[in-house]
Amino acid sequence: MTVKQKVIIVAGLVALGLAGMLGFMSLKTNTSAQDKTAALNYQTYCAGCHGEKLEKFTAKKWMDEPDNASIIQSIKTGLEAEGMPAFAQTFTNAEIEELAAYIRKGIPADRSLLKPALRDGDVKKSEVQDFITETVVTGLDVPWGLAFLPGGDLLISERAGTLHRFSNGKLSPPIEGLPPIRAKGQGGLLDVCLHPDYHENGWIYIAYSALYNESGKTLSNTAIMRARLEGNRLTDQQVLFRGTPYTDRSHHFGCKLAFDGKGHLFFGIGDRGQHFDFPQELDNANGKIHRINDDGSIPADNPFANVSGALPSIYSYGHRNPQGTSIHPQTGELWVSEHGPRGGDELNLAEPGKNYGWPVISYGINYNGTILTKLTEKEGMEQPVYYWTPSIAPCGMTFLTGGRYKNWENNLFIGSLRFEYLERVVLNGKSVTHTEKLLEGIGRVRNVVVSPDGLIYVATETPGKIVRLVPVDKK
């Protein structure tokens, strides 16, 4: 054998060795990536009930079975009696298999170290409905709007001015195609909702504090846009409404969105911090509830559509800062929650053409303790259905339907920013008959919505996260 032949053979062996090592390293990298995905999915969807270190499991037969078939089935179809939801639409089959393997690997061999997943301390016992709290999304700042897409993906707007899609346990990069936004103070990217016929037209509606530059000044007011989502970009953008006048103030923008099932979109805009200038006048958008058609046109039967000098979109006026807007599922009535000053947060039944009194009447006082108004009622001005003193800072509001929580059906749920809880409100007609505090200490509750499968989702801020309430039926 010549020296040249030996060199070729050695070089070939080295090449084979390197190829094998690279293949092995690639396998390790892929396996590691799978492990990371499974770990992320577990922490996102399972740790809230089963513990961050997989310690809150009840010892069961599947732990000693030769394969993962039982746990895979449980993940796919859920265990309704134990309050565990099904994840067949959340994960792919491969992700479910990886998650099952991750869980089995993490279960301690000594079963005595396990603790039951649903201990008394884990099940929240409200007055009439038990539930467990399950963390769904973490890593947010101030999540504002939540909207479920067909298939279970979740659109999440961040007040800082980004829109994300949460899919298969992952948060997308910021979705492109948003309009110019002034993300300052209480302003930014606000609510997001789907058209009731989204499956046919694909329209997504977005509320935001629109950015304007005028004579070197940065101004803003609340605006409403609709667009369609293609991949990770918004297309077909149409601005349907621009609140006027624009101001340099950075608070009291409103703005929650609600469709009434008749082609109308409702939303509220706050007084923009100028309560003596705007709420009682009909020539501006501020301190008002508005109603427009889904294409931005004005309904012919709006109460001020034919009033000279009035903004035709106005539905009701005399509001301070409405950040909860919801349609009653049985009556079709529009209910609104709004921030008062120091005291006097209100729950109102908003009716066309009516004046809700701000700032002429109020149950609150100025932030510095001085008297804002001595009047709590006045002829021609509506009384709140209910008011909170001290202020709870109500934000986000929804009526519960869907039958998942047997004893909460048609109750109203309102977030508290100030006192960091979710409030359950029981209505009898147009009266509040009972309230209950849920999730006390969870953090500043920015929004509450109901998913298509009937579960309550709650968004809290700084640090931002989204949790869901899984009902546990009493035996």
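Keep in mind it's a predicted model, so treat the numbers as computed, not measured.
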K.L.:
Is it the case that the side chain of Asn407 and the backbone of Val128 share a donor-acceptor pair, with hydrogens and angles ignored and the cut-off at 3.5 Å?
P.N.:
yes
K.L.:
Could Arg249 and Asp271 be called an ion pair, given the rule that one side-chain N must be under 4.0 Å from one carboxylate O?
P.N.:
no
K.L.:
Indicate yes or no: at least one non-hydrogen side-chain atom of Tyr387 is less than 4.5 angstrom from one of Glu338.
P.N.:
no
K.L.:
Ignoring hydrogens and geometry, is there a side-chain-to-backbone donor-acceptor pair from Ser209 to Gly188 under 3.5 Å?
P.N.:
yes
K.L.:
Using side chain to side chain donor-acceptor pair (under 3.5 Å) as the criterion, list what pairs up with Gln323, not counting sequence neighbours.
P.N.:
His339
K.L.:
Can you tell me if Ser326 uses its side chain to pair, donor with acceptor, with the backbone of Trp335 under 3.5 Å?
P.N.:
no
K.L.:
Do the side chain of Asn284 and the main chain of Phe278 share a donor and acceptor less than 3.5 angstrom apart?
P.N.:
yes
K.L.:
Would you check if the distance from the ring center of Phe131 to the ring center of Trp408 is below 6.0 Å?
P.N.:
yes
K.L.:
Please report the shortest heavy-atom distance between Tyr208 and Pro180, naming the atom on each side.
P.N.:
CE1-O, 3.9 Å
K.L.:
According to side chain to side chain donor-acceptor pair (under 3.5 Å), who are the partners of Asn368, at least two apart in sequence or on a separate chain?
P.N.:
Thr370
K.L.:
Is there a donor-acceptor contact under 3.5 Å from the side chain of Gln383 to the main chain of Thr376?
P.N.:
yes
K.L.:
So how far is it from Phe413 CZ to Glu423 CD, rounded to the nearest 0.5 Å?
P.N.:
10.5 Å
K.L.:
Spell out, as yes or no, whether a donor-acceptor pair under 3.5 Å connects the side chain of Asn411 to the backbone of Arg424.
P.N.:
no
K.L.:
Are Leu211 and Ser220 close enough, and set up right, to give a side chain to side chain contact (heavy atoms under 4.5 Å, CB included), and what steps lead you there?
P.N.:
CA-CA 5 Å; Leu211 174 65; Ser220 64; 5.7 Å; no
K.L.:
Do you see a donor-acceptor pair shorter than 3.5 Å between the side chains of His264 and Asp260?
P.N.:
yes
K.L.:
Any heavy-atom pair between the side chains of Leu469 and Gln129 that's under 4.5 Å?
P.N.:
no
K.L.:
Can you give me the closest heavy-atom contact between Gly243 and Ile269, atom names plus distance?
P.N.:
CA-CD1, 4.3 Å
K.L.:
Would you name the heavy atoms of Ile224 and Ala207 that are closest together and state the gap between them?
P.N.:
CD1-CB, 3.8 Å
K.L.:
State, yes or no, whether a side-chain contact exists between Arg226 and Asp295 at a heavy-atom distance under 4.5 Å.
P.N.:
yes
K.L.:
Applying the side chain to side chain contact (heavy atoms under 4.5 Å, CB included) test to Arg165, which of Leu154, Ile156, Leu229, Leu171 qualifies?
P.N.:
Leu229
K.L.:
In terms of heavy-atom contacts, does NZ of Lys406 have more than 12 from other residues, nucleotides or ligands at under 6.0 Å?
P.N.:
no
K.L.:
Check Tyr315, Phe267, Tyr317, Phe304 against His290 for a ring-ring contact (aromatic ring centres under 6.0 Å, His included) and give me the one that passes.
P.N.:
Phe267
K.L.:
Donor-acceptor pair, Tyr405 side chain versus Ile456 backbone, under 3.5 Å?
P.N.:
yes
K.L.:
OG of Ser250 to CD of Gln186: how many Å apart, nearest 0.5 Å?
P.N.:
7.5 Å
K.L.:
If you round to the nearest 0.5 Å, how far is CD1 of Ile466 from OG1 of Thr138?
P.N.:
9.5 Å
K.L.:
For residues Tyr42 and Glu98, is any side-chain donor paired with an opposing acceptor at under 3.5 Å?
P.N.:
no
K.L.:
Kindly say whether Cys395 contributes a backbone atom to a donor-acceptor pair with the side chain of Ser337 at under 3.5 angstrom?
P.N.:
no
K.L.:
Evaluate Asp294 against His195 for side chain to side chain contact (heavy atoms under 4.5 Å, CB included), listing each step before the verdict.
P.N.:
CA-CA 8 Å; Asp294 60 0; His195 191 285; 2.8 Å; yes
K.L.:
OG1/Thr247 to NZ/Lys217 distance, rounded to the nearest 0.5 angstrom?
P.N.:
10.5 Å
K.L.:
I want to check something: taking the side chain as every heavy atom from C-beta on, are Arg320 and Ser362 in contact at a cut-off of under 4.5 Å?
P.N.:
no
K.L.:
Please give me the minimum heavy-atom distance between Leu189 and Thr162, naming the atom from each residue.
P.N.:
CD2-O, 3.2 Å
K.L.:
With a 4.0 Å cut-off, would you call Glu440 and Lys437 a salt bridge?
P.N.:
no
K.L.:
Is Glu436 reaching over with its side chain to a backbone N or O of Glu127, donor-acceptor style, under 3.5 angstrom?
P.N.:
yes
K.L.:
Applying ring pair (Phe, Tyr, Trp, His ring centres under 6.0 Å) as the test, list every pair that has at least one member in residues 421-470; sequence neighbours left out.
P.N.:
Phe148-Tyr457
K.L.:
Minimum heavy-atom separation for Gly268 and Pro322, please, with both atom names.
P.N.:
CA-CG, 3.8 Å
K.L.:
Hey, what do you get for NE2 (His252) to CG (Asn221), rounding to the nearest 0.5 Å?
P.N.:
13.0 Å
K.L.:
If you take all heavy atoms of Leu194 and Pro150, which pair is closest and at what distance?
P.N.:
CD1-CD, 4.4 Å
K.L.:
Is the shortest heavy-atom distance from the side chain of Asp141 to the side chain of Arg159 under 4.5 Å?
P.N.:
no
K.L.:
Do Ile132 and Val472 come close enough that some side-chain heavy atom pair is under 4.5 Å?
P.N.:
yes
K.L.:
Nearest 0.5 Å, please: how far is CG in Asn366 from CD1 in Ile371?
P.N.:
8.0 Å
K.L.:
Could you give me the CA-CA distance, side-chain angles and deciding distance for Val449 and Thr398, then say whether side chain to side chain contact (heavy atoms under 4.5 Å, CB included) is met?
P.N.:
CA-CA 6 Å; Val449 300; Thr398 191; 5.5 Å; no
K.L.:
What do the steps show when you test Leu178 against Leu234 for side chain to side chain contact (heavy atoms under 4.5 Å, CB included), and what is the final call?
P.N.:
CA-CA 7 Å; Leu178 287 169; Leu234 295 174; 3.6 Å; yes
K.L.:
Mind checking whether Phe87 and Phe91 have parallel, tilted or perpendicular rings, split at 30° and 60°?
P.N.:
parallel
K.L.:
Answer yes or no: does atom CG of Asn306 have more than 12 heavy-atom neighbours from other residues, nucleotides or ligands under 6.0 Å?
P.N.:
no
K.L.:
Less than 4.5 Å apart, side chain to side chain, heavy atoms only: is that true for Val445 and Leu439?
P.N.:
no
K.L.:
Are Arg444 and Glu461 ion-paired here, with the side-chain N under 4.0 Å from a carboxylate O?
P.N.:
yes
K.L.:
Any side-chain heavy-atom pair from Ile206 and Ser157 closer than 4.5 angstrom?
P.N.:
no
K.L.:
Side chains of Glu346 and Trp358: donor-acceptor distance under 3.5 Å anywhere?
P.N.:
no
K.L.:
Judged by atom type as modelled, is there a donor-acceptor pair below 3.5 Å linking the side chain of Glu420 to the main-chain atoms of Ile442?
P.N.:
no
